[in-house]
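Order of appearance sets the numbers: ligands from 1, and atoms from 1 within every ligand. A quick note: this is a predicted structure, and the numbers were derived from the prediction, not measured.
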Amino acid sequence: MRVACVGECMMELSERADGALTRAFGGDTLNTALYLARLGIPVDYVTALGDDPWSDEMVAAWAGEGIGTGQVRRVPGRNPGLYIIRTDAAGERSFHYWRDSAPARDLFAGPDAAATQAALAGYDLVYVSGISLSLYGEAGRAALAETLADLRGRGGRVAFDTNFRPRGWPDRDLARRVFRDAMAAADLVFASTEDLDWLYGAGGEAEALAHRGRAEIALKSGGDAPVVRVLWADGDETVPAPPVEAVVDTTAAGDSFAAAYLAARLTGRDPVAAARAGHRLAGAVIGHRGAVIPRAAMPDLPLQ
Ligand code: ADP
């Protein structure tokens, strides 16, 4: 069994009050790949980077976490995307991006795309997010959709996470259409009511339920007492998240939830047990600063 997570990881710079910057790396699908690897699921990260030193560091760090890097394309002369997190005097964070020329955007364009498509069609499960889909443009998305249809034809599965960032899309109508098609073409959908409401206005949940086709869906409702409603072929249950004593930083909550849910499903657990596993890992992740928690803080999930 092998999973592919498809998307973009960027350089992350955090600005201090005196203007000094500290560097990390960040990306939604990468977080999911990292937690899948930590949970013992064989996973490759599928993306494109440059041939610069930071791209080298990213690949080395991913390999160090046990993520397969055989499908990371390296594009000569290019640099990865970058964002700066600025924190204002009130402690509010804002995100500023330099990502338009990132090589990850060309993953499904150009002469190397066919090799990536052929490789992707051979996985047991491919995970993509709404952010991944915002990268590729119309032609790239069509190539990816064709590849995922091939994969499903061979018995592989597709998981789609509705991660939505408005600035990734030229207009909301396009995002709505792309999300609708992605939900209809997935076997497993992770959706947050917050993303859906941004996208569709109130009533986003109904849209997701209408468009998901036969897909299993984990519908996350946020707030201080989050719940996940899971609907699958044989059931429909709501699983509350256990309270977390001190929520420090919710970065990667959804990404880690998806990783633990997928890991549980791939190792034979039912959707309710998978939702519990998702809550358990996400609960640990939000108790720490940053997207990636120390290994020692990983909860024991009853997966094997
Ligand atoms: P994202 O915005 O990253 O998609 P969500 O808000 O959907 O994240 O939360 C994902 C998961 O993180 C929830 O299902 C839950 O397991 C956990 N979580 C987030 N916030 C809290 C909280 N305040 N208390 C307990 N668990 C939480």
Completion exercise
Note: F190 and A159 closest approach over all heavy atoms is CE1-CB, 4.5 Å

Practice task
Give a yes or no answer on whether the side chain of D249 reaches the backbone of G290 with a donor-acceptor pair at less than 3.5 Å.
Solution key: yes

Exercise for the section: Quick one: which residue pairs count as a side chain to side chain donor-acceptor pair (under 3.5 Å) with a foot in residues 275-303, not counting sequence neighbours? Expected result: E65-R295

Problem - Within the 6.0 Å centroid threshold, strictly below: F179 and F160 - result: yes

Exercise for the section: Return the protein residues near ligand 1 (heavy atom under 4.0 Å from any of its atoms), ordered by chain and residue number. Expected result: K220, G223, D224, P226, V228, A241, P242, V244, V247, A253, G254, F257, H279, A282, I286

Exercise for the section: Give the intermediate values and the outcome of side-chain hydrogen bond (donor to acceptor under 3.5 Å, both in side chains) for residues T32 and T29. Expected result: CA-CA 5 Å; T32 303; T29 46; over 6 Å; no

Completion exercise
Heavy-atom nearest pair, P80 first then A102, reads C-CB, 4.4 Å

